[in-house]
Participant: 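Please read through the structure below; I'll follow up with questions.
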There are 2 protein chains.
Amino acid sequence: MKFKIIDVATRAGVAPATVSRVLNDSSKVTPKTRDKVMKIINELGYQPNAAAKNLRSQKTMTIGVIVPDISNSYFSEVIKGIENIAYSKKYKVVICDTENNEEKELEFLNLLTTRTIDGVIMVAPMLANEVILQIADNGYAIGIVGKQIDHDRIPCIVTDNVKFSMKVISHLVELGHREIAFINGSAHAVDSYDRLEGYLKALREHHIPFRPELIEIGNFNETGGYEAIHRLFAKKIPFTAVYSANDEMALGVYRACSELGIQIPMQLAVVGVDNNRISKYITPPLSTVNQPKYTMGALLVEKLIDMMNENEYAENRVFKVDSELLIRGSSDFKKNGQESLK
Amino acid sequence: MKFKIIDVATRAGVAPATVSRVLNDSSKVTPKTRDKVMKIINELGYQPNAAAKNLRSQKTMTIGVIVPDISNSYFSEVIKGIENIAYSKKYKVVICDTENNEEKELEFLNLLTTRTIDGVIMVAPMLANEVILQIADNGYAIGIVGKQIDHDRIPCIVTDNVKFSMKVISHLVELGHREIAFINGSAHAVDSYDRLEGYLKALREHHIPFRPELIEIGNFNETGGYEAIHRLFAKKIPFTAVYSANDEMALGVYRACSELGIQIPMQLAVVGVDNNRISKYITPPLSTVNQPKYTMGALLVEKLIDMMNENEYAENRVFKVDSELLIRGSSDFKKNGQESLK
DNA sequence: TTGAAAGCGCTAACAC
DNA sequence: GTGTTAGCGCTTTCAA
C-alpha cells in the first residue's frame, strides 16, 4: 500500500501543508502537532514521492558524474569522494562512464537540460572548453576535476602537475641520473603541457641540458607506454631513467623491459604518476606520484553543492592540490626486497 | 530561457497533448503535424522536464546499483555492463558504494520506496535474504548479481562456483599436486559454500583424501589472505599448492611468500579467482578464474528492465554463467618468463 | 501556528 | 488525428 501526504494529513487531523512542514522541518510547527504527525508517518511507513517533490521544488537532489572509465582506479577513487560527500548532503549520484567517448559525454549533459540532475561534475572532460563554458553560461551547475577552466561559475580542482613533475625529476637527479627520458600523455591534454613544463623546469634547475629526442608521447595507456619506450630505445641515445606521465604507461615500460631483459631499476629507473592500485604490486614496485583522488572528488562536490545552493560564491573557485611522491623499488633499488609488498 | 510544452504547443498552433504525442512518438499524429511540431521544438531547443514526466508517468527511468566497493575492478566491470545496457534503453543508473556497510545498503533501498528509482540491482548483497525477499514482496523491482535468491520476482545471475572450483583443483592435480590448501572467503558468503563444495568434489573425484586443516578463511581481502597463509604455514602440514577464493587474498599469499622467501610456483602453486586487473601484472602472473563480469551486469539489467515493463515473466529467472580458468605462471612454471606480461 | 488552494509540467482519458 | 481537461503528489504562498 502506497500512502500519500493527504493520507497522513487526514489521519493526523491536520492539513497536508502541516505534514509537509513536519517533513521538511520548517520550524513553524508545535512539538505537539509534530509528534502527532510523526506518529502517523511511522505507523503508515509513509515516504514522500520524489517525483512530486522534485516537480514542485524544481530540484532533484541529484548530481551527475562523468568519467572516462569507471574501472580505472583513479576515477573510481574520485567517484568515491564525490559519492560520500554527496550522500551525506542528501544528494544522489548518477554515473556516466563515457568509455572515452566524447559523444557520450555530450549526450549525458542533456540530463541537465531535462532537469534530471541539478548539477554535473566532469572528471577529465574531453569536450572542448567552449562547450563547457556555454553550459555554465546557460545557468547550469558544473564542476571539473582534473582540468582548469576559466569561468567564474565553474569550480575546478587540479593537481599541481608542474610541481610534482619537478619533484620526480629532482628525485631522479639526486639518484645520479642525468639522461632522463619522458613519456608524456596525449599531446592535447592540459596535464601533458604542465608535466612537460615541470620536467623542463627541473632539468634547468639542475643545469641538465634538455634533449627533445628523449620525449615521447604515450597517450596515457599501457600500449602507448610500451610503444613509446620502444621508440626511445630505437633512437640509441643513452638514458638511465624514464618519467612516465602515468602508471598505465609505466606498465608498458615494464613489459618492454621484461621482453628486452632490461633490469629495473639497475639499468633503467622508472617513475610513474597516479599511484594506481597496481603500481604497488608489480615487481619492482613502481615509484609514483600519489594524487589525493578521493579528496579531490570530495572537495569539488562540496564546492559545487554550495554553489548550487548559493551559500557561497565565485571566489576561491580553483583548487590546486599537492601530490606526494612515493619512492619505491623502480627508482631506488635500496627500496627493493622484503618490504616491497607491504 | 526554459520552455515548456505549452510554449511549443502555442507556437506550433496545436494542443500540448499533440506535442506530447510527437515526443513520445505515439503513432496517432500526421507526418505534417509532427514536422510542424518538431520544427518548433528544435527552434526553441525545448527539452521536456523530467520531474513532471516522472510524476505523471509514475516512473523515473532510473535504476539503482548497489556495490560493496566501486574501486574493486570486479564490481566496476559489472557496473559497466549494467550502465551500457541501461543507457541504451534510456535508463539512468544511480550508484551506491556501500563500502561494505550493510546499513548503507539498506538506506539506499529507500530510493525504491520514495520512487526515486524504478528498480535496483544489488551486487553481492550483504543484507539478509529475508529483507530482500520482503522488498520484492512489496512489489519493488529488484535483481541480484552474484547471489541466488529464490523468489519468482527476483532475477539473479551467478557464476557456477562449484564448477570452476573443480576446474581449478583438477588443474592443480594434473600438475602433480596432492596437498592443496584452500583459502576460502568469508564464512557466511554463499560463494564460499559453493567454492568449498567444488574443492571437495574435485578432491573426491581424484581420490585425494580431504584434510580440514588445509582450509582457512580469508574474508576475501589481502590482509585476510596474508593471515590465512601464515596460519596454514604455522600448522607444519606440508602442502604444495593453494587455491585462494579470490585474487585479493592471493595478493596476501604473494606478500607472505615474498617475506618468507617461498618461490611461486616452484615451492607453492597459487590460483585465485576474479581475474582482477592486478593478477596479470604481478610476478609471477597469477592463474585465476575469469568471471564474465561485464556480461553478468548486462544480462541482469536487461532481465530486470524486461520484468519492470512486464514484457517478460518469472520463468528463466536464475542465470548461471560459466567462467574460464586462466593458467598463468603462478601455477604452471612453463608459463613464466618473457610472455608473462603480454 | 495552521489551513486552503494554486500550481510545478507533463500525459492520458475522453470527446470531438 | 487532435483538443480539452483532470490530475500525478507535493510545497508554498496567502489568509486566518
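Please read these numbers as outputs of a predicted model, since none were measured by experiment. Naming convention: chains lettered A, B, ... in sequence-line order (proteins, then strands); numbering from 1 in each chain.
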Participant: What are the bounds, 5' to 3', of the part of DNA chain C that sits under 4.0 Å from heavy atoms of chain A?
Facilitator: dT1(C) to dG9(C)
Participant: Under the rule for side-chain contact (heavy atoms from CB on, under 4.5 Å), what residues qualify as partners of Asn101(B), not counting sequence neighbours?
Facilitator: Glu103(B), Lys104(B)
Participant: Could I get the full list of side-chain contact (heavy atoms from CB on, under 4.5 Å) partners for Thr30(B), not counting sequence neighbours?
Facilitator: Lys32(B), Thr33(B)
Participant: Enumerate donor-acceptor pairs with a distance under 3.5 Å from any side-chain N or O in residues 60-67 of chain B to protein atoms, sequence neighbours excluded.
Facilitator:
{"unit_1": "Thr60(B)", "atom_1": "OG1", "unit_2": "Thr62(B)", "atom_2": "N", "d": "3.4"}
{"unit_1": "Thr60(B)", "atom_1": "OG1", "unit_2": "Thr116(B)", "atom_2": "O", "d": "3.2"}
{"unit_1": "Thr60(B)", "atom_1": "OG1", "unit_2": "Asp118(B)", "atom_2": "OD1", "d": "3.0"}
{"unit_1": "Thr62(B)", "atom_1": "OG1", "unit_2": "Thr60(B)", "atom_2": "O", "d": "2.9"}

Participant: Checking Glu99(A) now: which residues fulfil salt bridge (Lys or Arg N to Asp or Glu O under 4.0 Å) with it, not counting sequence neighbours?
Facilitator: none
Participant: Can you list, pair by pair, the side-chain donor-acceptor contacts under 3.5 Å of residues 51-58 of chain A, counting residues two or more places apart and other chains?
Facilitator:
{"unit_1": "Asn54(A)", "atom_1": "ND2", "unit_2": "Ala50(A)", "atom_2": "O", "d": "3.4"}
{"unit_1": "Ser57(A)", "atom_1": "OG", "unit_2": "Lys53(A)", "atom_2": "O", "d": "2.6"}

Participant: In residues 32-43 of chain A, which ones come under 4.0 Å of DNA chain C, going by heavy atoms?
Facilitator: Thr33(A)
Participant: Taking side-chain contact (heavy atoms from CB on, under 4.5 Å) as the test, write out the residues that go with Pro16(B), two or more places apart.
Facilitator: Ile5(B), Ile6(B), Ala9(B)
Participant: Check whether any side-chain heavy atom of Arg115(B) lies under 4.5 Å from a side-chain heavy atom of Tyr140(B), and answer yes or no.
Facilitator: yes
Participant: Does Leu109(B) reach the side chain of Thr113(B), with side-chain heavy atoms less than 4.5 Å apart?
Facilitator: no
Participant: Output all residues satisfying side-chain contact (heavy atoms from CB on, under 4.5 Å) with Ala15(B), sequence neighbours left out; order by chain, then residue number.
Facilitator: Thr18(B)
Participant: Give every residue pair that meets the salt bridge (Lys or Arg N to Asp or Glu O under 4.0 Å) criterion with at least one member in residues 58-75 of chain A, sequence neighbours excluded.
Facilitator: Asp69(A)-Lys80(B)
Participant: When you compare the side chain of Leu299(B) with that of Phe319(B), does any pair of heavy atoms fall below 4.5 Å?
Facilitator: yes
Participant: State, to the nearest 10°, the angle formed by the axis through the first five base pairs of the helix from dT1(C)-dA16(D) to dC16(C)-dG1(D) and the axis through its last five.
Facilitator: 30°
Participant: Are side-chain heavy atoms of Lys4(A) and Asp7(A) found at a separation under 4.5 Å?
Facilitator: yes
Participant: Starting at the 5' end of nucleotides 6-13 of chain D, put B wherever the base has a protein heavy atom under 4.0 Å, S where only the sugar-phosphate does, and a dash everywhere else.
Facilitator: BBBBBBBB
